[in-house]
Peer 1: 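Once you've had a glance at the structure underneath, I'll fire off some questions.
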Amino acid sequence: HYTEDFQIQMYDIYGNSFVFTSVAHGEVQEYKSVNDDETMKKLQKSVDKMDLEDVTVKKSEKGLTISIENIQFEPDSDVLLPSEKLKLKKLAKLLQEYNNDLLITGHCAERGTAKARQKLSEDRAEAVAEFLANLGVRDEYHVFTQGKGSTEPIAPNSTAEGRAKNRRVEITLMD
């Protein structure tokens, strides 16, 4: 970690001088790469022991991703239902075993407008990130969020079952 005071001085062609003074903060974070078959199997085995429904672990290009399908919020909102908070509390214990930054990605089923789906997926990702941060899993500087709307379905949206799979949040242990 470091904190550094700095000052930038600039001069324009008219002889005016501008001085910008601020403080920079930096951090070097060490983490272990987790995007391998052994860690994926270990995490999936832990998830299976917790008897968590609709939760899978897979390798992705950004790291190991824990996918929570059919995650439940109050209708058309980002308010997590109590059952999902319990699920996230269990997953939090697993996530605390790693130092990697987290990427929380929200997904929606194809209902409503594209703009509304995008906003809802972003809000839901933020809600999960905030919940995990409040549990002490990571601080706000090590959790990133994004919403994908309904742009990356994993099942057809034509059935209730498919829509439930597409309504998901993914937690990626970043590599």
Peer 1: Could you pull out the closest heavy-atom pair between Gly149 and Gln118, with the gap in Å?
Peer 2: N-OE1, 3.4 Å
Peer 1: Do side-chain atoms of Ser121 reach the backbone of Cys108 as a donor and acceptor pair under 3.5 angstrom?
Peer 2: no
Peer 1: In terms of hydrophobic clusters joined by side-chain contacts under 4.5 Å, are Leu64 and Met174 together?
Peer 2: no
Peer 1: Taking atom types as modelled and ignoring hydrogens, do the side chains of Gln72 and Asn70 form a donor-acceptor contact shorter than 3.5 angstrom?
Peer 2: yes
Peer 1: Which value, rounded to the nearest 0.5 Å, describes the distance between Glu126 atom CD and Ile104 atom CD1?
Peer 2: 9.5 Å
Peer 1: Taking Arg138 for the side chain and Leu132 for the main chain, is one N or O donor matched with an acceptor at less than 3.5 Å?
Peer 2: no
Peer 1: Distance from Asp76 atom CG to Glu74 atom CD, nearest 0.5 Å?
Peer 2: 11.0 Å
Peer 1: Where the side chain of Thr151 meets the backbone of Lys148, is there a donor-acceptor pair that is under 3.5 Å apart?
Peer 2: yes
Peer 1: Would you indicate whether Gln7, at its atom CD, is surrounded by more than 12 heavy atoms from other residues, nucleotides or ligands within a distance under 6.0 Å?
Peer 2: yes
Peer 1: Between Val23 and Glu4, does a side chain to side chain contact (heavy atoms under 4.5 Å, CB included) hold up when you go through it step by step?
Peer 2: CA-CA 6 Å; Val23 177; Glu4 177 179 67; over 6 Å; no
Peer 1: Can you name the nearest heavy-atom pair linking Ala125 to Gly106, along with the distance?
Peer 2: CB-N, 3.6 Å
Peer 1: Should Leu80 and Phe73 count as side-chain neighbours, where that means a heavy-atom distance under 4.5 Å?
Peer 2: yes
Peer 1: How far does NZ of Lys93 sit from NZ of Lys89, to the nearest 0.5 angstrom?
Peer 2: 9.5 Å
Peer 1: Less than 4.5 Å apart, side chain to side chain, heavy atoms only: is that true for Asn166 and Glu110?
Peer 2: no
Peer 1: Are Ile66 and Met50 co-members of a hydrophobic cluster defined by side-chain heavy atoms under 4.5 Å apart?
Peer 2: yes
Peer 1: If the condition is side chain to side chain donor-acceptor pair (under 3.5 Å), which residues does Asn16 pass it with, not counting sequence neighbours?
Peer 2: Asp12
Peer 1: Would you mind reporting whether Arg124 and Val128 have side-chain heavy atoms less than 4.5 Å apart?
Peer 2: no
Peer 1: Is it the case that the side chain of Asp78 and the backbone of Leu120 share a donor-acceptor pair, with hydrogens and angles ignored and the cut-off at 3.5 Å?
Peer 2: no
Peer 1: Search all heavy atoms of Asn157 against all heavy atoms of Arg111 and return the closest pair with its distance.
Peer 2: O-NH2, 4.4 Å
Peer 1: Mind checking whether Thr56 and Gln44 have side chains closer than 4.5 Å, heavy atoms only?
Peer 2: yes
Peer 1: Leu43 pairs by side chain to side chain contact (heavy atoms under 4.5 Å, CB included) with which of Leu173, Val34, Leu95?
Peer 2: Leu173
Peer 1: Can you tell if the side chain of Ile68 reaches within under 4.5 Å of the side chain of Leu52, non-hydrogen atoms only?
Peer 2: no
Peer 1: I need the Glu61 CD to Asn35 CG distance, nearest 0.5 Å.
Peer 2: 10.0 Å
Peer 1: Under the side chain to side chain contact (heavy atoms under 4.5 Å, CB included) criterion, do Val169 and Glu84 qualify, and how do the steps go?
Peer 2: CA-CA 11 Å; Val169 169; Glu84 303 310 301; over 6 Å; no
Peer 1: To the nearest 0.5 Å, tell me how far Thr145 OG1 sits from Glu122 CD.
Peer 2: 8.0 Å
Peer 1: Indicate if Val19 and Met10 have the same hydrophobic cluster label, given that clusters are the connected sets of ILVMFWY residues with side-chain heavy-atom separations under 4.5 angstrom.
Peer 2: no
Peer 1: Measuring from atom NZ of Lys90 to atom CG of Asp51, what distance do you get when rounded to the nearest 0.5 angstrom?
Peer 2: 7.0 Å
Peer 1: Taking side chain as C-beta onward, heavy atoms only, is Ile154 less than 4.5 Å from Arg168?
Peer 2: yes
Peer 1: Show the nearest heavy-atom pair for residues Val143 and Ala129, with the distance to one decimal.
Peer 2: CG1-CB, 3.5 Å
Peer 1: Would a hydrophobic clustering, with Ile, Leu, Val, Met, Phe, Trp and Tyr connected at side-chain separations under 4.5 Å, put Leu135 with Leu103?
Peer 2: no
Peer 1: May I ask whether Phe20 and Phe6 are part of the same hydrophobic cluster, defined by side-chain heavy atoms of I, L, V, M, F, W, Y residues being less than 4.5 angstrom apart, directly or through others?
Peer 2: yes
Peer 1: Evaluate whether atom CD of Glu161 has more than 12 neighbouring non-hydrogen atoms of other residues, nucleotides or ligands under 6.0 angstrom away.
Peer 2: no
Peer 1: Going by distance alone, is a donor N or O of one side chain under 3.5 Å from an acceptor N or O of the other, for His25 and Thr3?
Peer 2: yes
Peer 1: Is it true that a side-chain atom of Asp37 and a backbone atom of Met40 form a donor plus acceptor pair closer than 3.5 Å?
Peer 2: no
Peer 1: Any heavy-atom pair between the side chains of Glu170 and Ser67 that's under 4.5 Å?
Peer 2: yes
Peer 1: Out of Val55, Thr105, Leu88, Thr65, which residue meets the side chain to side chain contact (heavy atoms under 4.5 Å, CB included) rule with Ile171?
Peer 2: Leu88
Peer 1: Taking atom CD as the centre, does Glu69 end up with more than 12 heavy-atom neighbours from other residues, nucleotides or ligands that are less than 6.0 angstrom away?
Peer 2: yes
Peer 1: Are more than 12 heavy atoms from other residues, nucleotides or ligands located less than 6.0 Å from atom NZ of Lys87?
Peer 2: yes
Peer 1: Given side chains that start at C-beta, do those of Thr172 and Asn100 come closer than 4.5 Å, heavy atoms only?
Peer 2: no
